[in-house]
Amino acid sequence: MSEKDFIVVGQGLAGSIVALTLEKYKKSFVVLDQPNEKSSSNIAAGILNPISFKRCIHSWKASVLNPYSLSFYKETNQKLNAQNFIPLDVIRIFSSYEEQNNWISKTSDSRFNLFLGDEQFNFTNKNLNLPYGYGNVKSCGRLAVKDFIKSCSKYMKAKGALVKSDTMVSAIPKIKGMYQLGGYKAKNIIYCEGLELKNNPLFNYLPIIPNKGELLKVNCNTLPQKLISKGIFILPEKNKNTFLIGSTYSHEDLTNLPTKVAKEDLLSKFNAIGDFNHEILNQVVGFRPTTKDRRPMIGEHPILKKSYVLNGLGSKGVMTAPWLANNLIRHILFKEPIDKEADVVRHEKMIKQENLDFASFLCNS
Ligand SMILES: Cc1cc2nc3c(=O)[nH]c(=O)nc-3n(C[C@H](O)[C@H](O)[C@H](O)COP(=O)(O)OP(=O)(O)OC[C@H]3O[C@@H](n4cnc5c(N)ncnc54)[C@H](O)[C@@H]3O)c2cc1C
């Protein structure tokens with residue numbers, strides 16, 4: 001039996017980043033994953049944007065998470081010898097004079113102007129509607145999440161640190177202080193399961209809520225090669241004339257089929273941005289692992305010690321995951337505190353008897 005410091009369950013965005021972070025701390029690990037073409041990570045647009053446009057404010061902990069994630073992806077591009085992350089500005093097209101005024105006042109306010117660009121730049125395109133002008137958000141970027149996961153798979157496989165399987169791993173029993181499964185044993189286990197967490201009897205008390213998102217891929221040769229936001233985003237893909245348009249949000253519709261409503265919603269917002277001849281190539285659907293309080297979840301199981309979780313990345317996983325993985329791993333290795341807002345202890349009251357029984361069963365099996 002091969003002994004590692006950590007077993008990581010799941011190799012989406014979360015599991016990949018946890019594994020790379022463990023490697024940074026020179027810890028040995030194996031990642032166990034059942035690949036899923038439709039996982040949130042494989043569908044995600046991958047935009048890293050520190051601004052919440054609704055109120056034109058920093059999103060959660062953006063002043064800390066943003067620089068951390070930018071340097072993480074820069075290093076990771078080098079390590080994986082790939083260009084999965086590309087820095088980009090977001091061009092925000094204003095919807096009203098109110099939004100324009102709000103933006104201008106915030107660019108001169110030190111509490112908000114970390115990311116809001118105040119420089120005048122020339123952004124004209126004869127097909128765009130810009131009645132109220134535009135601004136730029138600095139320090140953004142795009143992670144091609146599917147490619148990133150593929151690069152990580154290749155990298156970990158070469159090190160013998162990845163096992164892909166046709167079935168989901170079930171919660172792993174602890175025998176003589178070690179989690180043991182299929183030829184591996186480790187003192188620590190980190191579950192990075194995304195929405196599959198609902199099938200994990202250890203952690204399924206955690207309130208992870210699926211949020212459906214739909215995206216259109218279009219072909220267009222008149223759109224500028226810029227990441228544009230106005231109600232939706234328009235994101236240039238590697239292939240010069242293809243763009244992603246997204247995304248929708250729905251907690252109600254849990255069917256995994258593309259809908260006409262989402263397509264019409266995206267197209268009406270797209271058409272309001274400008275007049276661009278385009279051809280729709282496809283429409284894709286995915287589900288974000290979100291939380292009610294809009295905060296991610298990291299931490300240890302209340303009963304089964306050294307069993308950890310990283311989940312609830314919601315719609316900002318690209319920016320939040322590197323810092324969260326680092327926070328969790330430093331907590332495990334050096335007993336540093338977990339960020340209070342992200343700590344799973346806030347949901348301890350939701351734990352059910354069956355979760356406690358299952359944890360005791362795993363401890364004693
Ligand atoms: C339409 C859409 C657009 C999005 N756009 C963005 C965006 O622009 N920017 C952004 O930051 N985020 C975006 N997101 C959100 C982002 O995709 C998620 O926050 C993130 O990818 C979640 O990653 P995860 O690793 O937690 O989960 P997942 O992606 O679900 O990965 C979990 C992996 O673990 C495997 N797994 C789970 N349980 C087990 C088990 N027991 N045994 C074996 N394998 C297991 C799964 O098969 C999967 O491979 C978007 C999401 C959607 C749906």
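In each ligand, atom 1 is the first atom listed, and ligand 1 is the first ligand listed. These values consider heavy atoms only, across backbone and side chains, with no hydrogens, waters or symmetry-generated copies. Positions are given from 1, in the same order as the sequence printed here.
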Problem set entry | Nitrogen or oxygen atoms of Ile43 and ligand 1 under 3.5 Å apart | no

Problem set entry | Sub-4.0 Å atoms of ligand 1 with respect to non-hydrogen atoms of Val318 | 10 (C), 11 (O)

For this session: Could you tell me whether a side-chain N or O of Gln11 sits under 3.5 Å from a main-chain N or O of Ile149, the two making a donor and an acceptor?
Result: yes

Exercise. Taking Lys106 for the side chain and Ile57 for the main chain, is one N or O donor matched with an acceptor at less than 3.5 Å?
Worked result: no

Seminar exercise, completed: From the list Leu281, Thr242, Ile245, Ile234, side chain to side chain contact (heavy atoms under 4.5 Å, CB included) with Val218 holds only for Ile245

For this session: Compute the shortest N/O to N/O distance between Gly15 and ligand 1 and return yes if it is under 3.5 Å, no if not.
Result: no

For this session: Take the angle between the ring planes of Phe358 and Phe361 and call it parallel below 30°, perpendicular above 60°, tilted in between.
Result: tilted

For this session: Give the numbers and elements of all ligand 1 atoms closer than 4.0 Å to a heavy atom of Gly213.
Result: 1 (C)

Seminar exercise, completed: Among non-hydrogen protein atoms, atom 14 (N) of ligand 1 lies closest to Ala44 CB, 3.7 Å

Exercise. Hey, are the side chains of Val137 and Trp103 touching, using non-hydrogen atoms and a 4.5 Å cut-off?
Worked result: yes

Exercise. Can you check whether Ser247 has an N/O within less than 3.5 Å of an N/O in ligand 1?
Worked result: no

For this session: Using a strict 4.0 Å cut-off to heavy atoms of Asp33, name the atoms of ligand 1 that fall inside it.
Result: 33 (C), 34 (O), 35 (C), 43 (C), 44 (N), 46 (C), 48 (C), 49 (O)

For this session: Number the atoms of ligand 1 from 1 as they appear, then name those within less than 4.0 Å of a heavy atom of Leu313, with their elements.
Result: 19 (O), 26 (O)

Exercise. Are Ser315 and ligand 1 in contact, using a heavy-atom cut-off of under 4.0 Å?
Worked result: yes

Exercise. Among Arg92, Lys54, Arg55, whose salt bridge (charged side-chain N to carboxylate O under 4.0 Å, His left out) with Glu99 holds?
Worked result: Arg92

Exercise. Should Ser41 be counted as touching ligand 1, given the test is an N or O pair under 3.5 Å?
Worked result: yes

For this session: Look only at interatomic distance and state if Val9 has a nitrogen or oxygen under 3.5 Å from any nitrogen or oxygen of ligand 1.
Result: no

For this session: Identify the protein heavy atom lying closest to atom 44 (N) of ligand 1, giving its residue, its atom name and the separation to 0.1 Å.
Result: Gln34 N, 2.9 Å

For this session: Give a yes or no on whether a salt bridge exists between Lys238 and Asp147, defined as a side-chain N under 4.0 angstrom from a carboxylate O.
Result: yes

For this session: Identify the protein heavy atom lying closest to atom 5 (N) of ligand 1, giving its residue, its atom name and the separation to 0.1 Å.
Result: Ala45 N, 3.3 Å

For this session: Please say whether Val169 places an N or O atom under 3.5 Å from an N or O atom belonging to ligand 1.
Result: yes

For this session: Could you tell me the residue and atom name of the protein heavy atom closest to atom 34 (O) of ligand 1, and the distance to it rounded to 0.1 Å?
Result: Gly10 CA, 3.1 Å

Problem set entry | Close-contact set for ligand 1 against Cys192 heavy atoms, below 4.0 Å | 32 (C), 34 (O)

Exercise. Using the ring of each side chain (for Trp, its six-membered ring), is Tyr73 parallel, tilted or perpendicular to Phe148, with breaks at 30° and 60°?
Worked result: perpendicular

Exercise. When you check the gap from the basic side-chain N to the acidic O, do Lys159 and Glu23 get nearer than 4.0 Å?
Worked result: yes

Seminar exercise, completed: Checking heavy-atom distances from atom 30 (O) of ligand 1 to each of Gly194, Gly246, Ala262, the winner is Gly194

Problem set entry | Nearest non-hydrogen partners of Ser95 and Lys230, listed with the distance | OG-CE, 3.6 Å

Exercise. By number and element, which atoms of ligand 1 are closer than 4.0 Å to a non-hydrogen atom of Gly314?
Worked result: 15 (C), 16 (C), 18 (C), 19 (O)

For this session: Return yes if some donor-acceptor pair links the side-chain N/O of Lys305 with the main-chain N/O of Pro302 below 3.5 Å, else return no.
Result: yes

Exercise. For atom 17 (O) of ligand 1, which protein heavy atom lies nearest, and how many Å away is it?
Worked result: Ser40 OG, 2.9 Å

Problem set entry | Proximity of Phe270 and His278 rings by center, below 6.0 Å | yes

For this session: Compute the shortest N/O to N/O distance between Asn311 and ligand 1 and return yes if it is under 3.5 Å, no if not.
Result: no

For this session: Answer yes if the ring centres of His347 and Tyr205 are under 6.0 angstrom apart, and no otherwise.
Result: no

Exercise. Ile47 to ligand 1: N or O pair under 3.5 Å?
Worked result: yes

Exercise. Who's the nearest protein heavy-atom neighbour of atom 51 (C) of ligand 1, and how far?
Worked result: Arg288 CG, 3.4 Å

Seminar exercise, completed: Judged by heavy atoms only, the candidate from Glu196, Met168, Glu193, Lys38 nearest atom 45 (C) of ligand 1 is Met168

For this session: Check ligand 1 against Gly317 and write out every atom of the ligand that is under 4.0 Å from a heavy-atom position of the residue.
Result: 10 (C), 11 (O), 12 (N), 19 (O)

For this session: Search all heavy atoms of Asn36 against all heavy atoms of Lys38 and return the closest pair with its distance.
Result: OD1-N, 2.8 Å

Problem set entry | Of Leu244, Ile280, Val284, the residue whose pairing with Lys217 passes side chain to side chain contact (heavy atoms under 4.5 Å, CB included) | Leu244

For this session: Look at atom 53 (C) of ligand 1 and say which protein heavy atom is nearest, naming residue and atom and giving the distance to 0.1 Å.
Result: Gly286 C, 3.4 Å

Exercise. Relative to ligand 1, is Phe287 under 4.0 angstrom through side chain, backbone, both or neither, heavy atoms considered?
Worked result: backbone

For this session: Before accepting this row, confirm whether a basic side-chain N of the pair Glu237/Arg142 lies closer than 4.0 Å to the acidic partner's carboxylate O.
Result: yes

For this session: Give yes or no for whether the N/O distance cutoff of 3.5 Å, strictly under, is met between Thr167 and ligand 1.
Result: no

Exercise. Which ligand 1 atoms are under 4.0 Å away from a heavy-atom of Asn36?
Worked result: 47 (O)

Problem set entry | Considering all heavy atoms, the nearest Gly299-Ile338 contact | CA-CD1, 3.6 Å

Exercise. Any salt bridge between Glu37 and Lys146, counting N to O under 4.0 Å?
Worked result: yes

Exercise. Do any N/O atoms on Ala14 end up under 3.5 angstrom from N/O atoms on ligand 1?
Worked result: yes

Exercise. How close does the nearest protein non-hydrogen atom get to atom 33 (C) of ligand 1, and which residue and atom is it?
Worked result: Gly12 N, 3.5 Å

Exercise. Relative to ligand 1, is Gln11 under 4.0 angstrom through side chain, backbone, both or neither, heavy atoms considered?
Worked result: backbone

